[in-house]
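This report refers to the structure that appears directly beneath it.
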Amino acid sequence: MEIREAHPFDLTPAEAIRLQERLREQVRRSGDAGEVSLVAGADASYAKGEDVIHAVVVALSYPDLTVVERVSAAAVTPFPYIPGLLTFREGPALIEAFRRLRSEPDVIFFDGQGIAHPRGLGIASHMGVLLDRPAIGVAKSLLAGTVSEPGAGRGSTAPILRDGETIGMAVRTRERVKPVYVSVGHRIDLSQAVDLVLATARGYRLPEPTRQAHLFANAVRRGDGQATLPSSTR
DNA sequence: GCGACAG
DNA sequence: ATCTTGTCGC
């Protein structure tokens, strides 16, 4: 995929925060992914004490969810993990992975928040803007806002609120299992984002794009990505 | 000043 | 995120 613009990542935390405050204005909180026929999941993996990040993107056809392409990229991260600044840690490796992706997904799932972020620019929104592509944030825990417990049944939801505004939705993708926290990344509305998460969550807590990216990222880091899995890693 | 805090 | 074995529950 084409990346929208060169973007500095060798910043101090204070500079990174200022960049987020500037980029947040470019996030589109509404939109329609259109006729979705291709989705993608992006994720990163790394070993405990190391600063090498393995980022991957997995593309799947929709609605059948067959994996059609997998790419990966390794990079030394220039940033430690700081809540709210995740993109500055995983972004460089992710961008390289997207450069290697030949598919043109209609929507991309990210492992983390979209606008449900202290400055409205979680990794899904940040990457969505850089890629200029519909993006959805699917986080396993909450970073900003408050939420009540959704009903126990699959498909139950509860709004994530901040100052009276809905910034995302807790979504129960599997009965009696902890919900995932969905928020708009870029160029898609919350309603369609939630629909797509539920439509791609099949039997597991995490939607398939995210789950497949998780599995592949770990396989690549362990070194058996090439041997065990089909498709290109090139 | 004291907690909270995506991955 | 990662380190780790078995184990309880649907």
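Below, chain A is the first sequence line, B the second, and so on; all start at residue 1.
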With a cut-off of less than 4.0 Å, is there a side-chain N or O of [X] near OP1 or OP2 of [N]?
{"X": "A/Ser45", "N": "C/dT2", "result": "yes"}
{"X": "A/Arg221", "N": "C/dT2", "result": "yes"}
{"X": "A/Asn218", "N": "C/dA1", "result": "no"}
{"X": "A/Lys48", "N": "C/dA1", "result": "no"}

Could you state the [atom1]-[atom2] distance from [X] to [N], rounded to the nearest angstrom?
{"X": "A/Met127", "N": "B/dA6", "atom1": "CE", "atom2": "P", "answer": "20 Å"}
{"X": "A/Arg89", "N": "C/dA1", "atom1": "CZ", "atom2": "P", "answer": "12 Å"}
{"X": "A/Asp51", "N": "C/dA1", "atom1": "CG", "atom2": "C1'", "answer": "14 Å"}
{"X": "A/Leu85", "N": "B/dA4", "atom1": "CG", "atom2": "P", "answer": "20 Å"}
{"X": "A/Asp43", "N": "C/dT2", "atom1": "CG", "atom2": "C1'", "answer": "13 Å"}
{"X": "A/Arg222", "N": "C/dC3", "atom1": "CZ", "atom2": "C1'", "answer": "14 Å"}
{"X": "A/Tyr46", "N": "C/dT2", "atom1": "OH", "atom2": "C1'", "answer": "8 Å"}
{"X": "A/Glu50", "N": "C/dC3", "atom1": "CD", "atom2": "C1'", "answer": "13 Å"}

Expected output: side-chain [X] to main-chain [Y] donor-acceptor under 3.5 Å:
{"X": "A/Arg187", "Y": "A/Asp132", "answer": "yes"}
{"X": "A/Gln26", "Y": "A/His126", "answer": "no"}
{"X": "A/Glu96", "Y": "A/Ala73", "answer": "no"}
{"X": "A/Arg211", "Y": "A/Gly41", "answer": "no"}
{"X": "A/Asp51", "Y": "A/Val76", "answer": "no"}

**Item:** Criterion ring-ring contact (aromatic ring centres under 6.0 Å, His included) on A/His186 and A/Phe110, from CA distance to verdict
**Value:** CA-CA 11 Å; A/His186 186 52; A/Phe110 285 90; over 10 Å; no
Remember a base hit wins even if backbone is also touched, and classify [X] as base, sugar-phosphate or nothing at under 4.0 Å, heavy atoms.
{"X": "A/Leu94", "value": "nothing"}
{"X": "A/Ile123", "value": "base"}
{"X": "A/Gly49", "value": "nothing"}
{"X": "A/His214", "value": "sugar-phosphate"}

**Request:** Answer yes or no: are there more than 12 heavy-atom neighbours, outside A/Arg162 itself, under 6.0 Å from its atom CZ?
**Result:** yes
**Asked** Do we count A/Tyr81 as stacking onto B/dG7 if the rule is ring centres under 5.5 Å and planes under 30°?
**Response**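 A stacking contact exists, since A/Tyr81 sits close and nearly parallel to the base ring of B/dG7.
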**Message:** Contact list please: residues 164-202 of chain A against DNA chain B, heavy atoms, distance less than 4.0 Å, in numerical order.
**Reply:**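 Hits under 4.0 Å, by residue number: none.
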**A/Phe88-A/Val129 co-clustered via ILVMFWY side chain contacts under 4.5 Å** = yes
**Item:** A/Leu86, nearest nucleotide to its side chain (from C/dC3, C/dA1, B/dA6)
**Value:**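 When the side chain of A/Leu86 is considered, B/dA6 is the closest of C/dC3, C/dA1, B/dA6.
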**Asked** Does a side-chain heavy-atom distance below 4.5 Å link A/Gln20 with A/Leu85?
**Response**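 Sidechains of A/Leu85 and A/Gln20: in contact.
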**Request:** Sequence neighbours left out, what passes side-chain contact (heavy atoms from CB on, under 4.5 Å) with A/Lys140? Give chain and number order.
**Result:** A/Asp111, A/Arg205, A/Leu206, A/His214
**Selection: residues 146-154 of chain A, any non-hydrogen atom under 4.0 Å of DNA chain C** =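 Of all residues in residues 146-154 of chain A, none places a heavy atom under 4.0 Å from DNA chain C.
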